[in-house]
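For reference, the structure is listed below as structure tokens.
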Number of protein chains: 2
Amino acid sequence: MAISIGIVEDHTEFRQSLVYLISSFTDYTVSWSYPSVEEALADYTETDVMLLDINLPGLSGLEAINLFKQKSRTQKIVMLTINEDEYHIFEAIKNGADGYILKKSSPSKILESIQQVYEGGAALTPMVAKQVMAFLKPQLANPGTSSNLTVREKEILVLIAQGMTNEIIAGALFISVQTVRNHIKNIYEKLHVHSRAQVVVKAYKDKLV
Amino acid sequence: MAISIGIVEDHTEFRQSLVYLISSFTDYTVSWSYPSVEEALADYTETDVMLLDINLPGLSGLEAINLFKQKSRTQKIVMLTINEDEYHIFEAIKNGADGYILKKSSPSKILESIQQVYEGGAALTPMVAKQVMAFLKPQLANPGTSSNLTVREKEILVLIAQGMTNEIIAGALFISVQTVRNHIKNIYEKLHVHSRAQVVVKAYKDKLV
DNA sequence: ATCACAATAGCCCAATCGGGTCATTTTTAT
DNA sequence: ATAAAAATGACCCGATTGGGCTATTGTGAT
């Protein structure tokens with residue numbers, strides 16, 4: 001069974017060349033292609049993979065991710081873009097895109113990306129991957145952030161960062177309040193903070209939540 | 001297939017009358033009923049809809065919502081309550097209840113609520129619905145703004161969201177700790193939270209920081 | 001076999017916080 | 001000008017938290 005693909009791309013020429021490119025392989029089928037999110041949503045049918053332009057008139061591709069996810073949670077979404085800037089990359093990732101590739105990528109790279117996300121992986125251009133890693137590095141490197149927290153401590157940190165009280169956390173994890181408090185004491189020591197509000201701040205700043 | 005129902009209600013008489021009421025319709029089946037959350041959790045079996053009293057000895061109904069959600073994410077939960085006050089309403093909604101109805105509601109209203117949440121809707125009494133809408137309106141009208149916080153309150157919120165204690169905040173703003181606490185109380189009320197950790201969470205999520 | 005660490009749980013004490021009520025002054029809006 | 005809203009400050013009380021200590025159990029590494 002061929003992998004089915006949907007395309008949203010306003011630039012007619014590029015859209016058609018995508019259709020042409022993909023259709024030339026028997027492993028892939030272009031189920032539909034539209035120049036706007038609005039039209040794609042109106043006529044939506046589920047596909048295995050979607051190619052979604054970011055710069056679109058009307059609803060942008062970034063805003064559309066969630067809308068398409070609502071239609072189908074299994075479909076994979078690959079963002080097509082001309083810009084490699086941090087904002088768009090992280091917005092796309094945050095919204096749950098499965099891939100982020102440049103329009104100027106070679107045909108073989110585009111097909112490769114489709115295959116990768118179809119198989120459950122993520123497709124990123126090397127430059128994007130680098131930025132993602134650069135973003136992650138300080139968190140991994142910086143000791144005193146999350147890295148030296150134990151698994152249990154991280155669990156509790158997440159719950160604190162949702163505003164839960166110790167009692168609620170204890171209930172949620174089926175352990176005693178005392179134990180929760182002990183874990184929290186250890187978390188404070190490792191993160192060098194002295195209150196749960198500070199923990200929440202750190203959790204958000206260091207993107208642990 | 002009849003809609004299956006679980007009931008947690010400590011008041012024996014009311015619980016039994018609920019069971020009697022519901023059982024008298026072939027469309028509904030009471031799978032179980034318990035006087036406490038603890039017993040219900042221990043013996044839990046999934047039902048389509050749960051009626052959950054708020055004022056319970058031991059674990060309250062509000063605290064229990066999440067615990068039951070862990071057992072089953074598809075079951076619908078309708079809170080039973082005697083009070084229509086804002087606090088309980090928002091706590092229930094925040095925790096993910098699907099309905100919020102008064103114990104004094106007529107039998108037909110109770111059954112109607114069950115049917116509504118079973119069909120994927122939400123069941124609210126008109127008064128509750130009004131309060132919910134009143135809370136939502138300002139946010140919808142003015143998106144991006146935090147809910148009606150005064151300038152001073154926003155200042156303090158920002159400082160809280162940096163992990164500061166009341167004493168430090170008081171020092172920073174050259175006002176007394178008492179005043180800081182009063183402002184914070186008002187912030188809590190407006191944001192419907194009950195701890196500074198939750199304020200920090202909200203501050204980051206709604207992006208006021 | 002032993003050591004280190006993680007997870008569990010308890011106790012104690014002081015500090016902080018959350019919530020309720022009240023009161024005064026200043027600013028803003030009508 | 002007057003009423004409403006905001007900012008300031010206080011008291012009280014109970015709940016929660018933060019910090020210091022000890023202890024048992026299980027697991028993984030040496």
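Chain identifiers are assigned alphabetically (A, B, ...) following the order of the sequence lines, protein sequences preceding nucleic acid strands; residue numbering begins at 1 within each chain.
Salt-bridge annotation for A/Asp53 and A/Lys103: present, with a side-chain N of the basic residue lying under 4.0 Å from a carboxylate O of the acidic one. Ion pairing between a basic and an acidic side chain is recognised when a charged N comes within 4.0 Å of a carboxylate O; B/Lys71 and B/Glu46 show no such pairing.
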query: Could you go step by step and tell me if B/Ile169 and B/Val180 meet the side chain to side chain contact (heavy atoms under 4.5 Å, CB included) rule?
result: CA-CA 7 Å; B/Ile169 293 171; B/Val180 173; 3.9 Å; yes

Intermediate values then yes/no, side chain to side chain contact (heavy atoms under 4.5 Å, CB included), B/Ile101 and B/Leu80: CA-CA 5 Å; B/Ile101 62 177; B/Leu80 287 173; 3.9 Å; yes

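Under 4.0 angstrom from either OP1 or OP2 of D/dA10 there lies at least one side-chain N or O belonging to B/Ser176. Under 4.0 angstrom from either OP1 or OP2 of C/dG19 there lies no side-chain N or O belonging to B/Tyr188.
The aromatic rings of B/Trp32 and B/Phe68 lie parallel to each other, their planes meeting at an angle below 30°, with 60° marking the opposite boundary.
In this entry the distance linking CD1 of A/Ile175 with P of C/dG10 reads 11 Å, nearest Å. In this structure, A/Arg152 atom CZ and D/dT27 atom C1' are separated by 15 Å, rounded to whole Å. When rounded to the nearest whole Å, the span between CG of B/Asn166 and P of D/dT8 equals 14 Å. In this structure, CZ of B/Phe174 is placed 18 Å from P of D/dA7, rounded to the nearest angstrom. Look at CG on A/Asn186: it is 12 Å from P on D/dG19, rounded to the nearest Å. Put simply, CD on B/Gln178 is 14 Å from P on C/dG18, counting in whole angstrom units. Here C/dC17 presents its C1' atom at 18 Å from CE of B/Met164, a figure rounded to the nearest Å. The nearest whole Å value for the distance from the CD1 atom in B/Ile187 to the C1' atom in C/dG18 is 13 Å.
Between B/Asn166 atom CG and B/Asn182 atom CG the span is 10.5 Å, to the nearest 0.5 Å. Rounding to the nearest 0.5 angstrom, the gap separating the OH atom in A/Tyr34 from the CG atom in A/Leu52 is 14.0 Å. Atoms CE and CD1, from A/Met50 and A/Ile114 in turn, are 11.5 Å apart once rounded to the nearest 0.5 Å.
Taking a pair as Watson-Crick or G-U with both hydrogen-bonding distances under 3.5 Å, the stems of three or more pairs touching DNA chain D are C:2-29 with D:2-29.
Residue A/Thr165 places its side chain closer to D/dT17 than to any other of D/dA10, C/dC11, D/dT17. The side chain of A/Glu167 lies closest to D/dT16 when the candidates are C/dA9, D/dT16, C/dT8. Picking from C/dA7, D/dG9, D/dT8 the nucleotide with the shortest atom distance to the side chain of A/His183 gives C/dA7. Side chain of A/Arg196, nearest nucleotide from C/dT8, D/dG18, D/dT8: D/dG18.
Across the interface with DNA chain C, nearest-nucleotide mapping of A/Leu173 and B/Ile184 shows A/Leu173 to be the residue nearer the 5′ end.
Under a cut-off of 6.0 angstrom, the local environment of CD in B/Glu39 is crowded, with over 12 non-hydrogen atoms contributed by other residues, nucleotides or ligands.
In this structure, B/Thr179 reaches the bases: a heavy-atom distance under 4.0 Å links it to at least one base atom across the strands shown.
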- line: Under a 4.0 Å heavy-atom criterion, the protein footprint on nucleotides 20-28 of chain C, written with B, S and -, is BB-------

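Residues A/Tyr28 and A/Gln115 have side chains that bring a donor and an acceptor to within less than 3.5 angstrom of each other.
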